[in-house]
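I have placed the structure first, in the form of structure tokens, so that the comments after it can refer back to it.
Throughout, a chain's letter reflects where its sequence line sits, starting with A, and its residues are numbered from 1. Below, each value reflects all heavy atoms present in this structure, side chains not excepted, and no hydrogens, waters or symmetry copies.
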Amino acid sequence: MQYNHQEIEKKWQEYWAKNQTFKASNTSDKPKYYVLDMFPYPSGAGLHVGHPLGYIASDIYARYKRHKGFNVLHPQGYDSFGLPAEQYAIQTGQHPAITTETNIKTYRGQLDKIGFSFDWSREVRTSNPEYYKWTQWIFIQLFNSWYNKDSDKAEDVSTLVAKFEAEGNATVNAVCDEDIITFTADEWNGFSSTKQQEILLQYRLTFLSDTEVNWCPALGTVLANDEIVNGVSERGSHPVIRKKMTQWSMRISAYAQRLLDGLNGIDWPQPLKDIQTNWIGRSQGAMVSFEVQSTKYKVESDVTSSAVEKPYKIDVFTTRPDTIYGVSFMTLAPEHELVAKITTDAQREAVETYVEATAKRSERDRMADVKTISGVFTGAYAIHPFSGKQVPIWIGDYVLASYGTGAVMAVPCGDQRDYDFAKHFDLEIPNIFEGVDISEEAFADKEKSVIANSDFLNGLPYKKAMKTVIYEMEQRGFGYGKINYRLRDAVFSRQRYWGEPFPVYYKDGMPQMIEKQHLPVVLPEVEKYLPTEDGKPPLGNAEVWAWDTTTNTVVSNDKVDNETVFPLELNTMPGWAGSSWYFNRYMDATNDGDFVSAAAVEYWKEVDLYIGGSEHATGHLLYARFWQKFLFDLGLVPVDEFAKKLINQGMILGTSAIVYRIAGTNKYVSLGLKDNYKADELQELRVDVKLINSSDELDLEGLKNWQPQYADAEFELEDGKYIVGREVEKMSKRWFNVVNPDDICEEYGADSLRLFEMFLGPLEQFKPWKTSGISGVYSFLKKLWKLFHNGENFEVSEGEPTKDNLKTLHKTIKKVEEDIENFSFNTSVSTFMIAVNELTAQKCNNKAILEELLILISPYAPHIAEELWSKLGHENSIAFAAFPQFDGKHLVESEKEYPISFNGKMRFKLKLPLDMSKEDIEKTVMAHEKTQEQLQGRTPKKVIIVPGKIINIVG
RNA sequence: GCAGGAAUGGCGGAACUGGUAUACGCGUCAGAUUUAGAAUCUGAAUUUUGAGAGUUCGAAUCUCUCUUCCUGUACCA
């Protein structure tokens, strides 16, 4: 009987579906284990062979854990909001929901063919109203929370209001906006409702603010920092400019320290932790305030309504407050708000010209050109807080508005950028370091710094100087020690259609949340998916998009009276909203009354193993950790890190095929002959990899039929063949190097695909796909099949296994178990091959041995395992069969074939009993004729004997 | 610039806490079977672990220097 993968795989996929074999229960006596994949965005292109790599690995682990007696949760779903469906809608008018539905069907069909053990009863789709209802709900929770630094967690806004009512805000220690006014309890109680809401908004964990955003005109939307690569949009490479807009933001900065600390407790790859650590960018230093000389402005006090005059102040953040006596000028970012206010009339024109010129330069230009030093003097001076000296204030584009306060105290002797700026504009460079030459460059080695020319800091090394100066600044009231984070609050509004609508309407300009029982607020229908002509987001096109507070329904816009019917928010949420909590939803995916039931989340707790790409390091993986910590603060989830262990699978790359066209002709040169032509005479064209066989030979007829441009192609062949060039690059339609898993499943079967993807190399590594290698695992499966068959008949023997049989089996059990625990799936595939080769050589068809072998293989190649398992007479699925128990007694040896080395080089082997004493080994070896032959009469200096390992003769 | 990672036959890759270097597979070559193709079976070859030094009885593995490549990130004050 032949191994017929098509028949077998179809049969068992249907069996699993029908019997709901992999449906997980939320109650069980078994220990729980939660294995999760990063859910895919269902794109129109469908899956290529690279996508399932991580899914196969996690599936193997999930199946392994079932064999090991765990109650395994292994769900799958779709991150189904996103830009491609929307852009398709813009082009064709087809509703994104339809596109998405179609794509999901394709994905599901492809996934099913690979034989994953997903519990599809828990499927989630972020674009389903039943799902995004809870995304909206979590948003509301964030709106209703503030971050209390004293308790170091998020709390309900009611606790904040209570504080305001009792004692005003002076004693409140919160993460909030920076420009907060101080008020007393009486003042608070006297504020209008709108005023109170305005103030509260400055404390909420999600808040509205006028922020400088990354606006992408081509996409008509705002992009997050991690959606921009090299100054252009990640998607489509469109230019991005800075623009002020009112946007929802998430106060992720409140969690900066906890996001950093949390990394210590989770088993994630170090590179990924490093990326997050850098992204959060903690730096320790001080805030220092410099007064601007002879400037005054009037402050309208909210409290007394009387005007007070105050000098302008420039706040700077510095990591080197110890070098404060080295300050010889200050630099403001051109966008700094004080620039216009402090510039003297004499300098005004020059400054304005400069500011305008910088504003025009895109972020990209500014980044590309870091060597040109530019700047302008404002004419104003600051007063050095310690020395009282005048310090000129400059503006320069090397100072970024978005980091720190957008202003620096320039210490040219200690910072190379300040140094270069000072040299360029011929500014003073005072030296405040002991015994250091700064005539050529700045001295930035803080560990070796000893401060000089700095009054009370003289003679102090860096660390002591830091402490002393911060203490002194705090005493005198113009500075304080501060930890600064690079992590910015995350903009949460997108000007897109295909995203979660906000559960928000506006009353008197203030945002109001829609109550839980009225959720979800469902995405409205629109005529056009583009922004409106007056620049509003696509939801501005909706005609029925107002909130009636009497009926609590969405009603037509013309009913808006701002009394009981109000306009709804026009922005939608970003892509990361739905993916920041989906792992919790799987625990209780159909719950209609709660985002997840307390019982379910208490049972499953967190993801035990999460597999996905490292490209989400500063996006999804950071936001998800943030939301999890927030939900934890609210007592809604039991742990504050959502994934205990994470593995980044590498990407499978395509191997593109290249033909060489002689420029201006329709003639193509084979790879080996292309050197006969000059490089500029040849054009490289990529052709479909389906036209290439395993030895890089091109199917000429196939090419002619492939695209009209090749119909009358001529070829210059080598040995009668056309050999193509190969290039490893990302799988992409435009390179014609995409390999569809469906084709592989059809030809070799899902089990072969699964084994082959694992066999390709270590999971985390990037590796090119080469279909040619798959025949190896395919013939392995055929050999495995043959072990159970004698010609046409299924035939296994019942007797006692031989010693050799047992040795092979237990060696395999040990290795495979270790490999799976270490996620070294490639080596366990080799182990299976060795085992099957050995058992074949032993002519073993012993039932007891084969049965256990099947269980070992079943996580990798579940279909063939199920089939043979049932042929062995089992009525239940192999999926829950107990994993074989390793027994070391089968591997015990009495002899060891020792490698005999001379000066570290192995020369011959010698079989000796393992219990032989060192002395006897030495005697035996030295007496051996081959030893004497090697020594040629010399006397060895030393003989190293490591029992059970090696013998090394030195001399 | 900074941070992290990698380099082993023609190719993908093995090699546990230093102890027989290239397991396993692909490809190649030879042979068997076959009308042909395909499939199957048997056998063979390749290298000295990016370069150089050090520690060691012994280094792919540990240390240092250098080279190349990949990833992330950056006028971050």
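Using a 4.0 Å heavy-atom distance criterion, A/S901 is classed as making no nucleic acid contact. Within the nucleic acid shown, A/S775 comes within 4.0 Å of sugar-phosphate atoms alone, with no base atom in reach, counting heavy atoms only.
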Nucleotide N/O to protein N/O under 3.5 Å, stretch nucleotides 13-19 of chain B:
{"residue": "B/G13", "atom": "OP1", "partner": "A/Q765", "partner atom": "OE1", "Å": "2.8"}
{"residue": "B/G13", "atom": "O3'", "partner": "A/N826", "partner atom": "ND2", "Å": "3.4"}
{"residue": "B/A14", "atom": "OP1", "partner": "A/N826", "partner atom": "ND2", "Å": "3.0"}

Please enumerate all protein N or O atoms sitting under 3.5 Å from an N or O of nucleotides 30-33 of chain B, with distances to 0.1 Å.
none

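Separating the CG atom of A/N837 from the P atom of B/G43 is a distance of 11 Å, rounded to the nearest angstrom. Summarising the geometry, the separation between NZ on A/K783 and C1' on B/C24 is reported as 10 Å, rounded to the nearest angstrom. Separating the CG atom of A/D418 from the P atom of B/C75 is a distance of 15 Å, rounded to the nearest angstrom. Summarising the geometry, the separation between NZ on A/K782 and P on B/A39 is reported as 7 Å, rounded to the nearest angstrom. Counting to the nearest Å, the P atom of B/C76 and the OH atom of A/Y403 are 9 Å from each other. One atom, CD1 of A/I945, and another, P of B/G58, lie 16 Å apart when rounded to the nearest Å.
Rounded to a whole angstrom, the distance from the P atom of B/U61 to that of B/C16 is 12 Å. The same atom, C1', is picked in B/G9 and in B/C26; the two are 13 Å apart, to the nearest Å. The P atoms of B/U49 and B/C2 are separated by 31 Å, rounded to the nearest whole Å. Comparing the same atom, C1', in B/G58 and in B/U46 gives a spacing of 26 Å after rounding to whole Å. Rounded to the nearest Å, the gap between the P atom of B/A23 and that of B/G37 is 31 Å. Taking the P atoms as reference points, B/U8 lies 27 Å from B/U55, given to the whole Å.
Take A/T840 and apply the side chain to side chain donor-acceptor pair (under 3.5 Å) test, not counting sequence neighbours, and it matches no residue. For A/D420, there are no salt bridge (charged side-chain N to carboxylate O under 4.0 Å, His left out) partners at least two apart in sequence or on another chain.
Residue pairs satisfying the salt bridge (Lys or Arg N to Asp or Glu O under 4.0 Å) criterion with at least one member in residues 823-838 of chain A, sequence neighbours excluded, are listed as follows: A/K811-A/E838.
Residue A/N278 places no side-chain N or O under 4.0 Å from the OP1 or OP2 atom of B/C76. For the pair A/R417 and B/C76, the criterion of a side-chain N or O lying under 4.0 Å from OP1 or OP2 is met.
Stem regions for RNA chain B, each three or more consecutive Watson-Crick or G-U pairs with both distances under 3.5 Å and listed by first number, read B:1-7 with B:67-73, B:10-12 with B:24-26, B:28-32 with B:40-44, B:50-54 with B:62-66.
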